[in-house]
Amino acid sequence: MNVDVVLPCLDEAGALPWVIGRLPPGFRAIVVDNGSSDGSAEIARSLGAVVVAEPRRGFGAACRRGLIAATTDVVCFCDCDATLDPRQLPRVAGPVLKGDADLVLGRRRPVARGAWPLPARLANRELARLVRRRTGVRVHDLGPMRAARRAELLALNLADRRSGYSLEMLVRAADAGWRVSETDVDYRPRIGRSKVTGTARGYWQAVRDMRKVLAR
Ligand SMILES: Nc1nc2c(ncn2[C@@H]2O[C@H](COP(=O)(O)OP(=O)(O)OP(=O)(O)O)[C@@H](O)[C@H]2O)c(=O)[nH]1
Ligand SMILES: [Mg+2]
């Protein structure tokens, strides 16, 4: 079994050793760097990861680049801020590898106080509810740890290049009739500084990106 794991990375020098060190056998790290200034690319390379550069800023741009760079049939996505534990990737990838699901999302379950700031948590829950209502797919979280087949993902032709990527993937997959399922994963406090939802600017940017996805 071989599964490429796309790790979008923007200045995650502090978290990369933990993240890459916890990849189970058979899972290969593809770190997508958007011009980190803290040496993330060099650190990832020294830890044995494949490192690809994406000139365009944005979570979605990075995920898309990683997906293109991946070569395995089944591909996973995982944040590399140490909020998600790569040791739990097999339970997310398993149903896709077995052919029981087309997209599996890791439903985040906080394991420590402060792992999940309340505004982000509420916004996320509301988005999951909108997706349920709109698509009938029973999800409770837009979990960023996920697994699907590479070719099918590319065929979805996702347009978002920023924070709407995860939501767009879920909505398009549901519209295309994919079997979408959820499995619990741990969620812990991040290592290092927040890039997206932890800043006011990032938070509102994310809200705008998500609205755009849902309006389409
Ligand atoms: N390559 C790349 N990676 C990014 C970019 N923005 C965020 N990331 C990465 O995407 C993952 C998620 O970003 P986070 O900053 O953790 O965003 P979040 O999970 O919404 O919010 P917090 O965990 O609260 O910070 C992390 O691994 C980031 O390093 C980007 O523009 N380019
Ligand atoms: Mg995070």
Give me the atom names and distance for the closest heavy-atom approach of Arg149 to Leu97.
NH2-O, 4.1 Å
Sequence neighbours left out, what pairs pass ring-ring contact (aromatic ring centres under 6.0 Å, His included) with at least one residue falling in residues 83-131?
Trp116-Tyr187
Would you call Thr71 and Arg28 a side-chain contact if the rule is heavy atoms closer than 4.5 Å?
yes
Check: Asn124 and Asp141 side chains under 4.5 Å, non-hydrogen atoms
yes
CZ on Arg64 to CG on Leu153, rounded to 0.5 Å:
12.5 Å
Between the side chain of Thr72 and the main-chain N/O of Val3, is any donor-acceptor distance below 3.5 Å?
no
Linking I/L/V/M/F/W/Y whenever any side-chain heavy atoms sit under 4.5 Å apart, do Val131 and Phe59 land together?
yes
Nearest heavy-atom approach of Cys80 to Cys9 is SG-CB, 3.4 Å
Minimum heavy-atom distance between Ala82 and Val19, given as atom pair plus value
N-CG2, 3.8 Å
Where Leu170 and Arg146 come nearest, the two heavy atoms and their spacing:
N-NH1, 4.2 Å
Check: Cys63 and Met169 side chains under 4.5 Å, non-hydrogen atoms:
no
Ignoring hydrogens and geometry, is there a side-chain-to-backbone donor-acceptor pair from Glu182 to Gly106 under 3.5 Å?
no
Does Gly60 offer a backbone N or O that forms a donor-acceptor pair with the side chain of Asp160 under 3.5 Å?
no
Closest approach of Val96 to Ala147 (non-hydrogen atoms, all atoms of both residues):
CG2-O, 3.6 Å
Taking atom NZ of Lys212 and atom CG of Leu167, what is their separation to the nearest 0.5 Å?
13.0 Å
Spatial distance of atom CG (Asp79) from atom CG (Leu10) [nearest 0.5 Å]:
12.0 Å
Does the pair Leu156 and Trp178 meet the rule for a side-chain contact (heavy atoms from CB on, under 4.5 Å), with working shown?
CA-CA 11 Å; Leu156 287 180; Trp178 289 26; 3.8 Å; yes
How about Val31 and Ser40: do any of their side-chain heavy atoms sit closer than 4.5 Å?
no
Is it the case that one hydrophobic cluster holds both Val111 and Ile191, taking links as side-chain heavy atoms less than 4.5 Å apart, direct or via other members?
no
Are the side chain of Ser46 and the backbone N or O of Ile43 linked by a donor-acceptor pair below 3.5 Å?
yes
Any non-hydrogen side-chain atom of Val185 less than 4.5 Å from a side-chain atom of Arg107?
no
Mind checking whether Val50 and Asp4 have side chains closer than 4.5 Å, heavy atoms only?
no
Looking only at heavy atoms, the pair that brings Pro24 and Pro86 closest together is CD-O, 3.3 Å
Yes or no on side-chain contact (heavy atoms from CB on, under 4.5 Å) for Phe77 and Leu7, after CA distance, side-chain angles and deciding distance?
CA-CA 6 Å; Phe77 296 84; Leu7 297 159; over 6 Å; no
Between Asn157 and Arg172, does a side-chain hydrogen bond (donor to acceptor under 3.5 Å, both in side chains) hold up when you go through it step by step?
CA-CA 9 Å; Asn157 262 318; Arg172 296 286 164 265; over 6 Å; no
Applying salt bridge (Lys or Arg N to Asp or Glu O under 4.0 Å) to Asp175 and Arg134, what does each step give before you reach the verdict?
CA-CA 9 Å; Asp175 287 350; Arg134 182 183 145 155; 3.5 Å; yes
With distance as the sole test, does Asp33 use its side chain to make a donor-acceptor pair with the main-chain N or O of Ala53 at under 3.5 Å?
no
Run the side-chain contact (heavy atoms from CB on, under 4.5 Å) check on Asp11 and Ser37 step by step: do they pass?
CA-CA 6 Å; Asp11 293 330; Ser37 56; 3.7 Å; yes
Do Arg138 and Ser181 have side-chain heavy atoms sitting under 4.5 Å apart?
no
For the residue pair Arg125 and Arg129, establish whether any side-chain heavy-atom pair is separated by less than 4.5 Å.
no
How far apart are the C-alpha atoms of Arg190 and Glu12, what are their side-chain angles, what is the distance that settles it, and do they pass the salt bridge (Lys or Arg N to Asp or Glu O under 4.0 Å) test?
CA-CA 10 Å; Arg190 71 162 11 265; Glu12 302 287 5; 3.3 Å; yes
Residue pair Arg109, Asp186: steps toward the salt bridge (Lys or Arg N to Asp or Glu O under 4.0 Å) verdict
CA-CA 5 Å; Arg109 301 293 200 171; Asp186 295 344; over 6 Å; no
Return the CG to CG distance between Asp184 and Leu105, rounded to the nearest 0.5 Å.
12.0 Å
Shared hydrophobic cluster for Val5 and Val52 (ILVMFWY, side-chain gaps under 4.5 Å):
no
Do Asp73 and Arg150 pass the salt bridge (Lys or Arg N to Asp or Glu O under 4.0 Å) test, and can you show the C-alpha distance, the side-chain angles, and the key distance before you say yes or no?
CA-CA 6 Å; Asp73 188 18; Arg150 179 175 177 275; over 6 Å; no
Same cluster (ILVMFWY, side-chain, under 4.5 Å), Val213 and Val137:
yes
Set out, in order, the CA-CA distance, both residues' side-chain angles and the distance that settles side-chain contact (heavy atoms from CB on, under 4.5 Å) for Leu84 and Gln88, then state yes or no.
CA-CA 8 Å; Leu84 300 163; Gln88 298 180 332; over 6 Å; no
What distance do Arg162 atom CZ and Met210 atom CE have between them, rounded to the nearest 0.5 Å?
11.5 Å
Would a hydrophobic clustering, with Ile, Leu, Val, Met, Phe, Trp and Tyr connected at side-chain separations under 4.5 Å, put Leu89 with Leu67?
no
Value for CD (Glu42) from OG (Ser36), rounded to nearest 0.5 Å, stands at 9.0 Å
I'd like to know if the side chain of Asp81 and the backbone of Thr83 have a donor-acceptor N/O pair within less than 3.5 Å.
yes
